Structures are given as structure tokens and as C-alpha cells.
Amino acid sequence: GLDRWEDAARLAAEAESFAAAIASPTGRALAAAAAYARAFGRLHAGDAEGARAELGAVARAGFESGVEVGERIGLDALLLGGHLDRQAGRRERALEQFREAVERLRDRRGPDADSLAAMALVNAGHCLLALERNFEAGGYYERALARGRASGLGAGRAAAANAALNLAALLDDE
């Protein structure tokens with residue numbers, strides 16, 4: 001928040017080393033969070049490819065931690081990794097990541113889960129649209145609209161609005 005990226009990278013590396021020494025699920029989740037911070041720092045420094053390369057391991061570590069905070073780090077890593085893959089034109093890989101996030105959130109409800117699911121769903125829809133799989137994209141947009149509305153959160157509502165615009169454009173084309 002203070003735009004002190006070099007200090008943040010140093011602290012993230014220290015935190016990751018320290019957390020890795022904690023032999024517990026929470027320690028593993030904290031190590032994943034520090035690794036996510038390192039990847040985000042790379043992205044800020046203009047190394048999108050380096051950040052993208054790290055995010056898969058961050059997601060796995062977060063999910064394997066077995067605790068809720070690790071799960072959230074894993075979901076954030078999937079969403080950011082999918083976004084970076086989509087920007088780089090790796091639509092199939094991006095779609096895989098967004099679909100994994102959707103699947104992990106399938107049975108979870110509540111403002112946070114619905115908001116994250118809406119973001120993953122709308123981005124999966126964008127990937128499908130770019131792959132000219134419009135019918136599938138429409139289904140993802142419909143689900144994003146429902147989950148985003150249910151979330152009540154700004155990010156979820158924004159994803160719902162985005163889905164609604166794309167869904168309207170798809171229906172108009174039909």
C-alpha cells in the first residue's frame with residue numbers, strides 16, 4: 001500500500017521461509033500466502049510470465065494446506081493465473097483455471113464464495129467466447145449473473161453486470 005515493492009518482496013521471502021518452518025496446515029497456508037505476495041510483486045515489476053509461472057504452485061500449496069485461508073489463497077492464485085493466461089492468449093489454460101475455481105466453489109454459498117464464483121464464471125465465459133464456443137459461454141454468463149447477484153458484494157455485482165452485458169450481446173446475435 002505504501003508502494004515499497006522491494007521491501008515487500010524481501011518481507012515476503014522472509015515470511016515464506018519462516019512459514020515453511022511451521023509444520024502445520026496454517027504454516028503451509030501462510031507459506032502459500034507469502035509465495036502469492038512474491039508472485040504479485042513480480043507482476044507489479046512487469047514480469048507477468050514469471051508471476052504466471054509461480055501461481056500454479058501457489059494454488060496447489062494453498063489447496064493442499066487443508067485450511068480455509070489456504071483455500072482462499074489457492075482460489076486467488078487460480079483467478080490471477082487465469083487472468084494472466086487469458087491476457088497472454090492462452091485461453092484453454094485460462095479456461096482450465098477458471099473452471100477449477102468454479103468447481104471448488106460449486107457447493108459453497110455466501111457473499112465471498114458467490115463473488116469469487118461469479119468472477120471465475122464470467123472469465124470462463126470470456127475464454128469460451130474467444131474460443132467461439134458461444135453456447136457454452138452463455139451458460140457460464142447465466143451462472144455468473146446469478147452468483148454475482150447473490151453475493152451482494154461489489155466485485156460479485158461487477159462480474160454479474162459484465163456477464164449480463166455479454167449475455168445480452170450473445171442473445172442479440174441469435
Side-chain angles (χ1 to χ4, degrees), residues 1-88 90-124 126-127 144 147-148 150-160 162:
L2 298 173
D3 207 29
R4 294 171 45 193
W5 291 94
E6 288 178 23
D7 291 337
R10 182 182 45 77
L11 290 172
E14 290 175 18
E16 188 174 8
S17 292
F18 177 74
I22 302 171
S24 72
T26 301
R28 289 190 297 275
L30 292 173
Y36 181 88
R38 183 183 62 236
F40 194 82
R42 280 182 168 227
L43 179 60
H44 179 270
D47 184 9
E49 187 63 29
R52 191 193 63 71
E54 289 186 27
L55 289 168
V58 171
R60 282 189 302 280
F63 294 132
E64 290 170 0
S65 73
V67 294
E68 189 174 332
V69 69
E71 175 86 4
R72 177 56 194 258
I73 293 297
L75 289 167
D76 287 345
L78 284 176
L79 291 173
L80 182 56
H83 175 72
L84 293 175
D85 276 332
R86 193 171 136 234
Q87 279 186 330
R90 297 179 184 100
R91 292 178 190 100
E92 290 286 352
R93 175 67 187 130
L95 181 58
E96 288 174 24
Q97 291 180 82
F98 294 133
R99 281 182 167 167
E100 182 179 346
V102 168
E103 182 59 28
R104 288 182 176 276
L105 293 161
R106 181 177 42 129
D107 296 327
R108 294 177 55 191
R109 294 293 182 267
D112 229 26
D114 287 332
S115 182
L116 288 169
M119 288 187 283
L121 286 159
V122 77
N123 279 291
H126 295 339
C127 291
R147 295 288 300 263
S151 77
L153 299 178
R157 290 193 312 265
N162 191 322

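Given the structure is predicted, the values throughout are model-derived calculations rather than measurements. For this chain, numbers begin at 1 and follow the sequence in order. Computation of the quantities below employed the complete heavy-atom set of this structure, encompassing side-chain atoms and omitting hydrogens, waters and symmetry-equivalent molecules.
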Yes or no on side chain to side chain contact (heavy atoms under 4.5 Å, CB included) for N162 and H126, after CA distance, side-chain angles and deciding distance? CA-CA 10 Å; N162 191 322; H126 295 339; 3.1 Å; yes
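Checking side-chain atoms of R157 against main-chain N and O of G148 turns up no donor-acceptor pair under 3.5 Å. Listed for the R60 side chain is a donor-acceptor partner under 3.5 Å among the backbone atoms of G56. At distances below 3.5 Å, not a single donor-acceptor pair connects side-chain atoms of R91 with backbone N or O atoms of A88.
The shortest non-hydrogen separation linking I73 to Y36 is CG2-CB, 4.2 Å. Minimum interatomic distance between S65 and E71 (heavy atoms only, all atoms of both residues): OG-N, 4.5 Å. Nearest heavy atom pair, residue C127 against residue A94, reads SG-CB, 3.7 Å. Contact record, S115 with S151: N-CB, 3.5 Å, taken as the closest heavy-atom pair. Shown here for R147 and A113, the closest heavy-atom pair between the two residues is NH2-O, 3.5 Å. For the residue pair A48 and L84, the shortest heavy atom distance occurs at O-CD1, 4.0 Å.
To the nearest 0.5 Å, atoms CG (L95) and CZ (R90) are separated by 15.0 Å.
Exactly one of L105, V102, L78, L153 qualifies for a side-chain contact (heavy atoms from CB on, under 4.5 Å) with L116. That residue is L105.
Contact check for Q97 versus L55: no side-chain heavy atoms found under the 4.5 Å cut-off. Proximity of R28 to E64: side-chain heavy atoms (C-beta onward) are nowhere separated by under 4.5 Å. In this structure, L80 and L43 have side chains that are in contact, with non-hydrogen atoms separated by less than 4.5 Å.
Residue F63 places its CZ atom among more than 12 non-hydrogen atoms of other residues, nucleotides or ligands, all under 6.0 Å distant. The environment of CD in E49 is crowded: more than 12 heavy-atom neighbours from other residues, nucleotides or ligands sit within 6.0 Å.
Using a 4.0 Å cut-off between a side-chain N of Lys or Arg and a carboxylate O of Asp or Glu, E68 and R72 do not qualify as a salt bridge.
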